[in-house]
*Asks:* 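This is the structure I want to talk about, given as structure tokens.
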Amino acid sequence: MSLSNEADATSNQQKPQLSKPFDLTDSVIRKKVYATHLHDYDKCDVDVLFDVEVLYLRLTESKAYQTVFQPEFRTMKLISCQMITTPRGEHYVHQATMSILHHLRNYSWDAKALVTLVAFALEYGNLLHLSDVATPDNLLTLSLKQLNQIQTRKDPATILVPLVMKVLHDIQEWTRLSSFGYDILDVPSLSDALQEVPAVVYWIISSLVAATGNIVGVSDYVLSHFVERLSSTASRFQDHFKLSREQKGYADAYYKRKKAFSNPKDIVKLLRLLVQHNGSKVQIYDGSIKTTIDIGVFDQKYVLLFISSLDKIEDEISLLNSLYDRLQENPSEIIKTYKKEDFKILWIPIVTFWDDKQRLKFNALKDTIKWYAVEFFTELPGTDLIKEKFNYWGKPIIPLLTPLGVTLNEDAMDLIFQWGIDAFPFRKSDGIDLTLKWKWFWDATKKANLGIQQVTGDRYIFIYGGADKKWIQDFAVAVEKTKGHAAILNTDTIIDHYELGKDDPRVVPGFWIEIERKRLKKHKDVADCEIQKIVRTLLCLKQDQQGWAILTKGSNVRVLGHGEPMRQTLVEFDAWKDKVFQKGFDVAFDEYYKSWINLNDTYFSHAHKPFLATKVRY
């Protein structure tokens, strides 16, 4: 081997191997291309894409054309020359593509592809134009056709150019959509599409480089291979882009609803924002008559909006059924300037995907309600709005809305669970008033050291006492027997009981002294007058020869009763056990307690009658 050949061999060994496009995965291409991309400092009018499309039509149909394309002619000519002078070989196609990308590193992604396409059109357009011109008498044109060897050249880009135009149009639309500033959480597919764009732009440019080589005759690449790879890569991008347009539609609808929700005109319009799809009719199920009605039933009404899934809401339905019954009692009654008949209960079930199982479950629950429910078996358009505005994340809530659609209470659930109809009209301030109303009583029980561990809305508490030890023992037995009843266990009802003075009889006088002290306080307002009624009832109970008992639901004192009627109500639990699930233990107990007194009125001597207490109204 000669020294020169040996030197050439050594040089070839040391020369780095150039990559071939088809040897690279799109993942590798994506990283290589993205490494060349800087910020979009150099701008071109990407709206001229339409003009480029017209250019292509003009080149193929000989139509007049004018354009206002912005990139420098020098830039396009340099890229055109680079594509024309690219040597034969796929590795050179890759090298030229990366060189073009580096040269256009400050351009946006759509502009990179667009500028390269226009540079390609300089040569491709010349070929098509001279091929279409049929003027043999024009010596200049004839000379140009001969110099460009038009007779021996063919159009190699028939399939490629329309595909490039289509993909480029989608990239331009993606760029435009990305510029609107949508939150990535609202339109995540815009970001997903970005992951594919570098590879798509790479295959557009490399395809045009290969096509240019075929046009000038330096190569004979099989362009269908480039078309296939471009189509495959573009397909993934287009899938993300299609999804991003759908997400944009959802986002636009959401922001439109959100804007309207922030300034509602009335309760009906607000409810429509939450449950009505555009152009659809809302079906409102009326549980009281078992049929569907128009959403206009809520016009000028206060709405307790029950928002929940379909899972484990039997207790809430039972609670609201009981509340509905109490609202129907004397509906024209006015309490704190609010009329009971002006309050409606509406259930909005939140279900992500409705299938046959979910529909059957909803229908079964729907049959148990006495109030209203939205009947719509697709995801509600206002689901995201409900989550954001009412802070709903799966746990049932009951916002209270005014006739003007203003939120009066973000969640009245705990208020209703603890106080029931007594919390009417269910504002937060009503709960505070009730708590203060009974605070003095619970302060007295604390001083009596009853040992009460928890006073929460899900616990029923009996507090009892008296002079008759046998009655006290019998009452405790009746409570324990009721606690262990299947009807109580099946409804997860928690019942506790505490005897006044059981551990220390000396606390009994102190308890009653606290009650008596409250009676001696001056009356300042309506609340004080109501407290005085309660105090008088408690002092009346104290005089019962057998005993007395108090039933509370959490801190809400539900029944103040004389000993024997209270005990008999527990003893005869089987007679009213079915109402526990329907109405709640406290309501069912109170109703039976009252009916027992009415039925057994002659049982009591005349001396007892003045002391018979019923549920205190407040």
*Asks:* Does any N or O in the side chain of S318 come within less than 3.5 Å of the main-chain N or O of Q582, such that one atom is a donor and the other an acceptor?
*Replies:*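 Side chain of S318 to backbone of Q582: a pair is present.
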*Asks:* Between F426 and Y338, is the ring centre distance below 6.0 Å?
*Replies:*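 No, the ring centres sit 6.0 Å or more apart.
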*Asks:* Tell me whether D325 is salt-bridged to K583, with the criterion being a basic N under 4.0 Å from an acidic carboxylate O.
*Replies:*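 Here D325 does not pair with K583 in a salt bridge, since their nearest N and O are not under 4.0 Å apart.
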*Asks:* Regarding D252 and K248, does a basic nitrogen lie under 4.0 Å from an acidic carboxylate oxygen?
*Replies:* yes
*Asks:* Between K336 and D430, is the closest basic N to carboxylate O distance under 4.0 Å?
*Replies:* yes
*Asks:* In terms of side-chain heavy atoms, does N321 have a donor or acceptor partner in W371 at a distance below 3.5 Å?
*Replies:*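 The criterion, which ignores hydrogens and geometry beyond distance, is satisfied for W371 and N321.
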*Asks:* Any side-chain donor-acceptor pair under 3.5 Å between Y464 and E499?
*Replies:*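 No.
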*Asks:* Around atom NZ of K269, are there more than 12 heavy atoms from other residues, nucleotides or ligands closer than 6.0 Å?
*Replies:* no
*Asks:* Got more than 12 heavy atoms from elsewhere within 6.0 Å of OH, Y250?
*Replies:* no
*Asks:* Could you tell me whether Y372 and F298 have their ring centroids closer than 6.0 angstrom?
*Replies:*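 Y372 vs F298: aromatic centres under 6.0 Å.
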*Asks:* Hey, are R558 and D422 close enough for a salt bridge, meaning a charged N less than 4.0 Å from a carboxylate O?
*Replies:*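 So R558 pairs with D422 through a salt bridge.
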*Asks:* Please identify which of these residues, F581, Y593, W596, F585, meets the ring pair (Phe, Tyr, Trp, His ring centres under 6.0 Å) condition with W576.
*Replies:* F585
*Asks:* Decide if the gap between the ring center of H497 and the ring center of F475 is smaller than 6.0 angstrom.
*Replies:* no
*Asks:* Please name the pair of heavy atoms, one in P565 and one in T569, separated by the smallest distance, quoted to 0.1 Å.
*Replies:* O-OG1, 2.7 Å
*Asks:* Indicate yes or no: does D356 engage R359 in a salt bridge with an N to O separation below 4.0 Å.
*Replies:*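 A salt bridge links D356 with R359.
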*Asks:* Would K428 and E410 pass as an ion pair if we require N to O under 4.0 Å?
*Replies:*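 Yes.
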*Asks:* Answer yes if the side chains of Q418 and N556 hold a donor-acceptor pair under 3.5 Å, and no otherwise.
*Replies:*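 Short answer, no.
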*Asks:* Looking at D311 and K361, is there a salt bridge between them, counting it only when a charged N and a carboxylate O are closer than 4.0 Å?
*Replies:*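 So K361 pairs with D311 through a salt bridge.
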*Asks:* Run the side-chain hydrogen bond (donor to acceptor under 3.5 Å, both in side chains) check on D170 and Q238 step by step: do they pass?
*Replies:* CA-CA 7 Å; D170 288 342; Q238 288 163 339; 2.9 Å; yes
*Asks:* After noting the C-alpha distance and the side-chain angles of W174 and S244, does the key distance pass the side-chain hydrogen bond (donor to acceptor under 3.5 Å, both in side chains) rule?
*Replies:* CA-CA 9 Å; W174 166 80; S244 69; over 6 Å; no
*Asks:* So that I can tick it off, tell me whether K340 and E329 are bridged by a salt bridge, with the cut-off set at under 4.0 angstrom between side-chain N and carboxylate O.
*Replies:*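 Not counted as a salt bridge, because no side-chain N and carboxylate O are separated by less than 4.0 Å.
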*Asks:* Rounded to the nearest 0.5 Å, what's the gap from CG on D411 to OH on Y392? Could you check?
*Replies:* 11.5 Å
*Asks:* For a quick check under 3.5 Å, do W442 and S555 share a side-chain donor-acceptor pair by atom type?
*Replies:*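 No, S555 and W442 have no side-chain donor paired with an acceptor closer than 3.5 Å.
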*Asks:* Any chance the side chains of Y255 and D186 put a donor and an acceptor closer than 3.5 Å?
*Replies:* yes
*Asks:* Donor-acceptor check, side chain of K301 to backbone of K344, threshold 3.5 angstrom: yes or no?
*Replies:*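 Pair absent, no side-chain N/O of K301 close to backbone of K344.
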*Asks:* With the threshold set at 4.0 Å, does a side-chain nitrogen-carboxylate oxygen contact exist between K533 and E530?
*Replies:* no
*Asks:* State whether K439 and D443 are salt-bridged, where the test is any N-O pair (Lys NZ or Arg NE/NH1/NH2 against Asp/Glu carboxylate O) under 4.0 Å.
*Replies:* yes
*Asks:* Nearest 0.5 Å please: distance from the NZ atom of K389 over to the CG atom of L274.
*Replies:*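 Reported to 0.5 Å precision, the distance equals 11.0 Å.
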*Asks:* Are the aromatic ring centres of F424 and F343 under 6.0 angstrom apart?
*Replies:*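 Under 6.0 Å, so yes.
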*Asks:* Please test D433 against K437 for side-chain contact (heavy atoms from CB on, under 4.5 Å), starting from the C-alpha separation and ending with a verdict.
*Replies:* CA-CA 6 Å; D433 290 344; K437 179 178 179 178; over 6 Å; no
*Asks:* Tell me if the centroids of the rings in F362 and W354 come within less than 6.0 Å of each other.
*Replies:*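 Centroid distance F362-W354: below 6.0 Å, so yes.
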*Asks:* Please report the shortest heavy-atom distance between G484 and L489, naming the atom on each side.
*Replies:* O-CD1, 3.6 Å
*Asks:* Assess whether atom NZ of K312 is packed by more than 12 heavy atoms of other residues, nucleotides or ligands within 6.0 Å.
*Replies:*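 Atom NZ in K312 is not packed in, count stays at 12 or less.
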*Asks:* Measure from NZ or CZ of K366 to the centre of the six-membered ring of Y285, then state whether that distance is under 6.0 Å and the direction lies within 45° of the axis.
*Replies:*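 The answer is yes, since K366 meets both limits relative to Y285.
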